[in-house]
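A quick write-up on the structure given underneath.
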Protein chains: 2
Amino acid sequence: MATLSDVAAVAGVSPTTVSRYLNNNIALPASTRERIDAAIAQLDYRPNLLAKRLSTGRAEAIGLVTPDIGNPFFAQLAAVVESEAERHGYAVYMTSTHGDRAREIEAIRRMRDRHVDGLILMSNRPDDGSLARLLADDDKVVLMDEDVPGIGLSRVFVENEVGAYLATQHLIAAGHRHIAVIGGPPGLLSVRERLAGYERAMTEAGLAVHEGDVLLQDYSRSFGRAATESILAQKRTPSAIFASSDYLAVGVLQALQNAGLSVPQDMSLVGFDDMPFAEMVNPPLTTIRQPVAEMGRMAVEQLMALLNGIAAAPLTRLPVDLVVRRSVAQFQPRSI
Amino acid sequence: MATLSDVAAVAGVSPTTVSRYLNNNIALPASTRERIDAAIAQLDYRPNLLAKRLSTGRAEAIGLVTPDIGNPFFAQLAAVVESEAERHGYAVYMTSTHGDRAREIEAIRRMRDRHVDGLILMSNRPDDGSLARLLADDDKVVLMDEDVPGIGLSRVFVENEVGAYLATQHLIAAGHRHIAVIGGPPGLLSVRERLAGYERAMTEAGLAVHEGDVLLQDYSRSFGRAATESILAQKRTPSAIFASSDYLAVGVLQALQNAGLSVPQDMSLVGFDDMPFAEMVNPPLTTIRQPVAEMGRMAVEQLMALLNGIAAAPLTRLPVDLVVRRSVAQFQPRSI
DNA sequence: TAAGCTTCGTAAACCGCTTTACCTGCCAGG
DNA sequence: CCTGGCAGGTAAAGCGGTTTACGAAGCTTA
């Protein structure tokens with residue numbers, strides 16, 4: 001590999017000159033420029049980014065910490081983060097934490113060691129304080145999707161409360177009066193907010209939230225199944241379920257199918273996220289769409305602002321909307 | 001941030017000593033070791049990886065070039081590549097090419113600029129030769145999933161031919177005698193091989209492949225739909241379809257549904273890949289499972305071998321298997 | 001007692017680039 | 001004729017490590 005000095009030697013100038021020319025830090029006469037350009041072409045010179053970074057202290061790379069890059073939601077987010085970062089000339093280091101606090105901390109350390117300029121962090125566990133402590137004197141970090149309470153970082157979230165409100169209202173508008181809700185880990189921002197949206201819709205409609213109608217544990221398919229089974233075991237079962245993630249909703253679908261019930265005839269269902277598979281399941285899932293592309297774009301934008309010394313917005317809320325498919329039906333009072 | 005010299009100063013030794021100690025290149029008496037350890041702990045020293053890499057020339061990072069990290073298949077692969085690489089102490093740089101040749105080339109260049117030690121490359125376009133040329137004098141690259149013909153790199157593929165054979169045979173065993181096949185871009189290794197497996201099964205069973213029964217274009221949902229429409233427009237329609245990717249299969253499902261046909265009653269269907277959504281669609285898709293985890297593991301293993309100067313296997317074939325779900329039914333001759 | 005090993009280290013060059021001075025002509029203006 | 005400014009550069013000190021080569025004590029051993 002040719003180095004800057006090789007280029008300089010061929011062009012008959014000093015390495016300094018070549019470096020400054022390449023970084024637009026010097027005005028050179030056309031003849032010199034041409035000699036340098038020719039030397040670069042001739043040697044097929046490509047700057048050694050490692051050396052450049054070491055010397056400037058700027059890595060021109062950001063880190064993306066996700067719970068699991070194998071999950072379609074995070075994968076989509078990662079894809080747009082990557083392409084947005086690339087537009088700004090930044091590379092992206094990705095890491096999956098597998099939802100484990102220790103790995104999360106390790107990942108953040110590693111990111112720092114790899115010398116990234118900033119971090120986009122997606123967590124999906126309620127923080128016990130260790131994350132907050134680790135990030136305490138860190139700026140240059142943008143939190144996406146879920147919160148880490150107690151630190152003054154820039155955040156990019158969606159309108160969880162509104163989404164849940166919309167979902168619940170949609171069910172109410174279809175005549176449902178007894179609606180259960182299934183959610184992720186208590187303590188998580190998105191869970192709290194989605195629950196709040198559900199409760200607001202119920203309250204505004206003058207509907208009661210019965211005991212046993214709120215089931216929180218985690219955003220997994222298997223909990224979707226388990227929660228549904230527990231709902232079906234009640235004496236008075238609801239006529240509709242709001243599953244606050246599409247993974248949960250798929251679990252609900254499976255449990256209902258196992259129980260011989262069909263959606264939406266026997267039970268209406270609304271999900272949350274609009275995962276790629278939401279329109280492929282049977283029936284296609286009515287759900288709340290999160291603007292994935294917009295989230296990724298925003299997170300990168302905020303981080304770039306931080307990196308350029310511009311104050312980033314402390315909190316960005318992205319709008320969600322209801323995607324009506326075929327998992328909700330008009331409520332039919334049980335015949336006789 | 002504390003540097004090596006800071007540690008050396010605090011410990012009362014030279015930077016050389018600390019460096020060699022940290023890299024197990026020197027035997028030191030316990031007292032000295034303790035002083036260095038104490039200094040490291042006291043200063044919370046973490047080596048600057050950038051400097052280390054510049055000086056050693058080893059990046060301890062690999063590049064992963066995928067067509068699209070947002071696609072669940074590649075995302076899953078990426079997830080296991082990442083965790084496997086991490087086990088070996090390597091970081092992973094990921095890039096998506098969006099199936100564009102120019103971006104692919106750019107990605108490979110960038111990877112090199114970022115100074116990765118090796119590359120795992122997944123392409124999904126037939127190469128026009130430019131990729132082969134670019135990689136010609138490159139070792140330290142392993143090709144996964146699809147081929148780039150004409151270069152002597154290590155490759156990790158699945159048993160495409162066997163998989164397609166299994167899928168077709170499964171349909172034949174259910175009594176189907178007229179089976180169409182839908183596939184990706186002609187020229188792609190996986191497409192050729194899957195087609196070959198289909199043909200072998202048909203030939204062995206003494207079945208004819210009718211004109212218009214082989215439709216190749218790309219591995220997309222929309223082509224799955226289009227191909228199905230074209231199949232349904234024929235005078236004699238098949239009773240079963242082998243869609244050589246699950247994306248295609250979902251498209252087939254949608255087109256059949258639009259046409260008022262139900263699977264498997266009116267048409268049997270087998271997919272390929274066993275994407276996460278395959279068991280969520282309606283009906284759950286009978287398909288050929290690719291061993292995603294195994295592929296990722298293998299690719300990393302081969303690359304690590306290369307990086308350690310051990311010759312890697314020129315070609316690894318991973319086995320696939322049939323996952324029977326509910327999209328295939330016994331053939332029913334049309335009544336009257 | 002001198003030669004020869006160990007043991008425990010160190011000096012200094014180097015990786016490839018950036019950046020902060022600073023330098024040398026040459027020309028215009030006073 | 002002197003001064004100042006500008007065009008067109010360059011030397012050298014980093015960035016934070018690694019690595020090669022060398023060396024001073026202190027102990028054996030012949």
Side-chain angles (χ1 to χ4, degrees), chain A residues 1-40 43-61 89 91 109-117, chain B residues 1-40 43-61 89 91 109-117:
Chain A
M1 274 294 264
T3 72
L4 190 75
S5 304
D6 298 339
V7 172
V10 170
V13 292
S14 73
T16 309
T17 304
V18 178
S19 171
R20 295 184 57 191
Y21 168 57
L22 291 177
N23 293 292
N24 295 316
N25 267 325
I26 194 173
L28 292 178
S31 63
T32 310
R33 286 203 306 263
E34 279 156 19
R35 269 175 15 245
I36 296 179
D37 288 338
I40 288 176
L43 298 173
D44 189 25
Y45 168 73
R46 316 210 90 212
N48 180 323
L49 257 6
L50 241 37
K52 179 170 192 154
R53 288 188 214 157
L54 176 57
S55 151
T56 58
R58 270 171 277 115
E60 313 225 309
R109 295 202 99 86
R110 259 209 323 279
M111 286 280 116
R112 289 203 192 129
D113 289 354
R114 304 265 171 221
H115 225 247
V116 294
D117 299 317
Chain B
M1 273 295 260
T3 72
L4 189 76
S5 303
D6 297 338
V7 172
V10 170
V13 292
S14 74
T16 309
T17 304
V18 179
S19 171
R20 295 184 56 190
Y21 168 58
L22 291 177
N23 293 294
N24 294 318
N25 268 326
I26 196 174
L28 292 178
S31 64
T32 310
R33 285 203 306 264
E34 280 157 18
R35 260 163 34 235
I36 295 179
D37 289 337
I40 288 176
L43 298 173
D44 188 25
Y45 168 73
R46 316 209 90 211
N48 180 325
L49 256 14
L50 240 36
K52 178 169 195 156
R53 287 188 212 158
L54 176 57
S55 126
T56 58
R58 270 171 278 115
E60 314 227 306
R109 295 202 99 86
R110 258 209 321 279
M111 287 279 114
R112 290 204 193 128
D113 289 353
R114 305 262 170 224
H115 225 247
V116 295
D117 298 317

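Labels below follow one simple rule: chain letters A, B, ... track the order of the sequence lines, proteins then strands, and each chain is numbered from 1.
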Subject >> Closest non-hydrogen atom pair between A/Gly57 and A/Asp117, with its separation >> reply: O-OD1, 4.3 Å

**OP:** First locate atom CD1 of A/Ile26, then atom OG of A/Ser19, and finally report the distance between them rounded to the nearest 0.5 Å.
**Re:** 9.5 Å

**OP:** Take the protein atom CD1 of B/Ile36 and the nucleotide atom C1' of C/dT10, then report the distance between them rounded to whole Å.
**Re:** 13 Å

Subject >> Short side-chain N/O contact from A/Tyr21 to OP1 or OP2 of C/dT19, under 4.0 Å >> reply: no

**OP:** Heavy atoms only: give me the nearest B/Arg35-B/Val13 pair and the separation to one decimal.
**Re:** NH2-CG1, 3.5 Å

**OP:** Ignoring backbone atoms, establish whether A/Ser19 has a side-chain N or O less than 4.0 Å from OP1 or OP2 of C/dC17.
**Re:** no

Original post:
DNA chain D: A/Val13 or B/Pro15, which has the more 5' nearest nucleotide?
Top reply: A/Val13

**OP:** Kindly state which residues belonging to residues 48-60 of chain B come within less than 4.0 angstrom of DNA chain C, counting heavy atoms of the residue only, listed by number.
**Re:** B/Leu54, B/Ser55

**OP:** Give a yes-or-no answer on whether the side chains of B/Ser14 and B/Thr17 include a donor-acceptor pair shorter than 3.5 Å.
**Re:** yes

Subject >> Residue among A/Leu4, A/Val10, A/Leu22 satisfying side chain to side chain contact (heavy atoms under 4.5 Å, CB included) with A/Ile40 >> reply: A/Leu22

Original post:
Which pair of heavy atoms, one from B/Leu28 and one from B/Ile36, lies closest together, and at what distance?
Top reply: CD1-CD1, 3.9 Å

**OP:** Just call it for A/Thr16: base, sugar-phosphate, or nothing, with non-hydrogen atoms closer than 4.0 Å on any strand.
**Re:** base

**OP:** Using atom types as modelled and distance alone, determine if a side-chain donor or acceptor of B/Thr56 lies under 3.5 Å from a backbone N or O of B/Lys52.
**Re:** yes

Subject >> Over all atoms of both residues, closest heavy-atom pair of A/Leu50 and A/Asn48 >> reply: N-OD1, 2.8 Å

Original post:
Taking everything shown except B/Arg46 itself, do over 12 heavy atoms lie less than 6.0 Å from its CZ?
Top reply: yes

Original post:
CZ of A/Arg33 versus P of D/dG9: gap in Å, rounded?
Top reply: 11 Å

**OP:** Starting at atom CZ of B/Arg20, determine the distance to atom P of C/dC8, rounded to an integer number of angstrom.
**Re:** 12 Å

Subject >> Closest heavy-atom pair and its distance - A/Ala8, A/Pro15 >> reply: CB-N, 3.5 Å

Subject >> Of residues 22-31 of chain B, the positions that come close to DNA chain C - non-hydrogen atoms, cut-off under 4.0 Å >> reply: B/Ile26, B/Leu28, B/Pro29

**OP:** Would you kindly give the CG-to-P distance between B/Asp113 and C/dG16, to the nearest whole Å?
**Re:** 14 Å

Subject >> Overall bend - the helix from C/dT1-D/dA30 to C/dG30-D/dC1, comparing terminal axes fitted on five pairs, nearest 10 degrees >> reply: 60°

Subject >> Full working for side chain to side chain contact (heavy atoms under 4.5 Å, CB included) between A/Tyr21 and A/Asp37 >> reply: CA-CA 10 Å; A/Tyr21 168 57; A/Asp37 288 338; 2.9 Å; yes

Original post:
Under 4.0 Å between a side-chain N/O of A/Thr17 and OP1 or OP2 of D/dG8, yes or no?
Top reply: no

